[in-house]
There are 2 protein chains.
Amino acid sequence: MKRFDKASVTIKDVAKRAGVAHSTVSLVMNDREHVSPKLRERILKISNEMGYMPNMVARSLISKRSSTVGVVFPENPHFFTITYFLMMIEGIQNACKKYDRALMFFSLDQTKGESYYQISRKWLIDVMVIMNVDYTRDISKDIEDLRKNGIAFSIVTKYVGKEKVNAVCVDNFEGVRLALEYLAERGHKRVGYISGHPNSSDGPERLQAFKALSKKMGFDQDRDLIVQGDFTFESGEREAPKLLGLKKRPTAIFAASDYMAIGAMRAMKAQGISIPKDIALIGFDNTLEAAYVEPALTTIRQPLQEMGEKAVDLAVRSMNDENFEPQLAVLKPELIIRQSC
Amino acid sequence: MKRFDKASVTIKDVAKRAGVAHSTVSLVMNDREHVSPKLRERILKISNEMGYMPNMVARSLISKRSSTVGVVFPENPHFFTITYFLMMIEGIQNACKKYDRALMFFSLDQTKGESYYQISRKWLIDVMVIMNVDYTRDISKDIEDLRKNGIAFSIVTKYVGKEKVNAVCVDNFEGVRLALEYLAERGHKRVGYISGHPNSSDGPERLQAFKALSKKMGFDQDRDLIVQGDFTFESGEREAPKLLGLKKRPTAIFAASDYMAIGAMRAMKAQGISIPKDIALIGFDNTLEAAYVEPALTTIRQPLQEMGEKAVDLAVRSMNDENFEPQLAVLKPELIIRQSC
DNA sequence: TGGCTTTATCGAAACGTTTCATAGGTTAAC
DNA sequence: GTTAACCTATGAAACGTTTCGATAAAGCCA
């Protein structure tokens with residue numbers, strides 16, 4: 001087993017060369033007061049000459065804070081190719097740069113009984129972003145553990161439990177409103193809806209918004225205009241035919257996620273139905289793929305990058321400030337008009 | 001500033017409860033010999049009861065190895081939404097699981113003069129994967145630093161310098177062969193080529209393969225059948241019209257990346273050219289988007305996941321075994337037939 | 001100049017591990 | 001019954017930092 005043999009230059013080396021105590025060098029490195037400007041400058045110069053770099057691991061150990069952002073995601077072999085998450089990760093990475101923190105990823109292996117808190121302890125993660133995709137699992141216990149132990153974290157998306165925690169989500173009501181108003185403008189009054197995962201926070205919220213708004217706007221209210229998906233491509237492909245097969249076919253379909261919309265698109269193509277001529281299609285999310293499909297998908301943009309960034313912002317703030325009240329950041333969606341309506 | 005106040009259970013706590021020296025507990029935790037089975041069992045039981053988790057940071061500090069895989073990528077605000085990299089990251093993540101290592105990401109800010117070696121020192125990264133996308137930068141010095149200091153690393157993709165290092169790439173010659181033979185089968189003899197970035201390793205390799213094979217296979221050899229892209233969507237959209245505008249238009253276009261192929265597709269659509277009726281199109285990579293465009297893109301698959309995984313494998317092996325000879329792993333490409341030819 | 005306050009620097013302790021030389025105990029060999 | 005060999009368990013040292021109380025020096029005021 002290889003080892004680093006040639007020790008790199010440590011704070012003590014710098015101190016020795018400068019003829020001071022290494023604690024003094026530490027003060028300089030951390031920009032703390034109580035060091036005379038003259039000495040500070042000299043130490044800085046020497047440390048640069050020697051190419052000193054603080055050892056983050058030692059720093060973490062003593063300070064019990066790791067200068068990282070830990071992103072915890074559920075066990076899923078394809079997590080990194082689900083563009084929905086990636087766009088959030090892009091925002092998280094940007095925030096990491098902003099706060100000069102490194103980015104760590106942990107897949108949560110529930111089978112091993114690992115908890116968020118354990119991960120935080122094991123790696124001294126002090127800022128954690130929880131990607132809560134496994135809607136079927138109750139994480140209230142884990143949340144409680146984190147909170148109790150003063151570990152700063154945020155959840156994406158909205159946490160449905162009762163504790164008040166940092167969380168980031170999109171304004172689903174507004175998103176649905178944008179979509180339905182756009183459809184109404186274009187003359188649609190009979191809109192089929194493919195709902196999202198019932199155990200998520202977004203799924204039911206969007207569904208509820210759809211029900212309320214479509215009623216208010218005078219759309220057809222048949223019970224069978226609503227089918228149940230789970231956000232995935234497959235569920236869209238599976239459920240869309242139920243809408244297409246209705247005696248009185250809807251003139252537009254609104255899917256609660258782009259993946260489902262694209263699945264629906266596949267199903268429609270298979271039946272030779274032309275979009276948007278025969279039927280209009282609108283999605284939700286604005287994931288990467290939406291721009292690539294043909295016709296390009298009109299959709300409601302979730303500001304995923306901003307959500308990722310905000311999640312880190314909130315967690316960092318609650319780490320820095322004892323009194324920071326955990327909050328839910330609700331970001332504004334946006335209508336992206338392409339060719340599918 | 002918040003701190004973890006309630007200390008979590010340490011190895012000493014376990015030792016005290018078990019009435020043994022904490023070094024003994026350490027032996028047990030690391031599955032080392034020289035502990036009687038009876039005692040080992042007792043300690044294991046107690047440690048479980050107490051919920052002991054080793055502190056990875058302390059472990060890193062003393063052992064100078066961090067139990068992580070550090071992925072270093074060049075400064076690029078959209079890195080995490082470039083699916084090409086993501087698919088590799090997926091493989092890297094799988095390997096991390098296999099080796100029970102956490103995954104860390106570092107964007108290399110060259111403007112700050114950071115080097116790979118410095119990152120490795122700063123965070124005690126002992127297994128590093130270098131995503132060498134910035135083709136314009138000479139990294140031979142960094143490579144040398146890593147090697148000299150015994151830090152295990154791999155590069156994706158192929159490293160073009162003279163030192164022998166762990167690297168992972170696709171068999172470009174074979175990939176080009178697959179594409180050209182497929183085109184030949186379908187009767188094409190006049191193929192336009194959009195080349196990749198000239199400072200990469202893949203760009204020139206594929207170009208050379210194209211030149212050699214298209215000659216050998218009796219394709220038209222006009223100089224202007226080859227245009228220069230840089231792997232990006234934009235370059236494909238920019239360069240394709242040059243091929244389309246030729247007096248004698250090619251019957252097929254081969255782009256050295258899917259992004260360029262999709263860019264070319266956009267350009268063709270803009271001109272009302274139908275794919276594959278008017279002209280065939282084939283890409284390279286099989287990134288996520290290839291399956292979503294219309295018509296779905298026929299392409300040469302790079303086994304990106306496998307490449308990511310292999311990169312970690314190589315690095316881990318060279319870490320574990322002093323005598324492991326750095327090697328270049330050349331993975332096999334695969335023809336993915338869709339609708340664009 | 002003496003005493004008091006402030007500031008600059010120092011030294012030691014701590015963080016939670018691993019490692020390594022060594023002590024004590026048991027067994028084996030003669 | 002003595003010595004050697006082995007095995008188990010121990011205690012101290014080390015990793016590279018930060019922190020904090022102590023000390024020394026300097027500044028201030030009377």
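Within every chain, numbering begins at 1; the chains are lettered A, B, ... in the order of the sequence lines, protein sequences first and strands thereafter.
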Per [X] side chain, nearest of listed nucleotides [options]:
{"X": "L39(A)", "options": "dT9(C), dT17(C), dT19(C)", "result": "dT9(C)"}
{"X": "I62(B)", "options": "dA8(C), dA9(D), dC15(D)", "result": "dC15(D)"}
{"X": "S26(A)", "options": "dT9(C), dG16(D), dT19(D)", "result": "dT19(D)"}
{"X": "S23(A)", "options": "dT17(D), dT9(C), dC10(C)", "result": "dC10(C)"}

Tell me what [X] touches on the nucleic acid: a base, only sugar-phosphate, or nothing, going by heavy atoms under 4.0 Å.
{"X": "S36(A)", "result": "sugar-phosphate"}
{"X": "R40(B)", "result": "nothing"}
{"X": "V20(A)", "result": "sugar-phosphate"}

Nearest-angstrom distance from the residue atom [atom1] of [X] to [atom2] of [N]:
{"X": "L27(B)", "N": "dT22(C)", "atom1": "CG", "atom2": "C1'", "result": "14 Å"}
{"X": "R65(A)", "N": "dC15(C)", "atom1": "CZ", "atom2": "P", "result": "17 Å"}
{"X": "R32(A)", "N": "dT7(C)", "atom1": "CZ", "atom2": "P", "result": "16 Å"}
{"X": "M56(B)", "N": "dC15(C)", "atom1": "CE", "atom2": "P", "result": "20 Å"}
{"X": "K16(B)", "N": "dA9(D)", "atom1": "NZ", "atom2": "P", "result": "21 Å"}
{"X": "N30(A)", "N": "dT9(C)", "atom1": "CG", "atom2": "P", "result": "16 Å"}
{"X": "K12(B)", "N": "dA13(D)", "atom1": "NZ", "atom2": "P", "result": "13 Å"}
{"X": "K64(A)", "N": "dT19(D)", "atom1": "NZ", "atom2": "C1'", "result": "13 Å"}

Exercise for the section: Would you check if the side chain of N55(A) reaches a backbone N or O of V57(A) as a donor-acceptor pair within less than 3.5 Å? Expected result: yes
Practice task
For the pair D313(A) and K98(A), find out whether any cationic side-chain nitrogen is under 4.0 Å from an anionic carboxylate oxygen.
Solution key: yes
Handout entry: Sidechain N-carboxylate O distance under 4.0 Å for K141(A), E144(A)
Key = no
Handout entry: Donor/acceptor link under 3.5 angstrom from H22(B) side chain onto base of dT18(C)
Key = yes
Handout entry: Position toward the 5' end of DNA chain C (nearest nucleotide), H34(A) or A58(B)
Key = H34(A)
Handout entry: Side-chain donor-acceptor pair present, N76(A), S107(A), cut-off under 3.5 Å
Key = no
Problem - dC15(D) OP1/OP2 closer than 4.0 Å to side-chain N/O of N55(A) - result: no
Practice task
Return the orientation label for the F105(B) and F80(A) ring planes: parallel under 30°, perpendicular over 60°, tilted otherwise.
Solution key: tilted
Exercise for the section: Name the residue closer to the 5' end of DNA chain D, choosing between L61(B) and A21(B) according to the nucleotide with the nearest heavy atom. Expected result: A21(B)
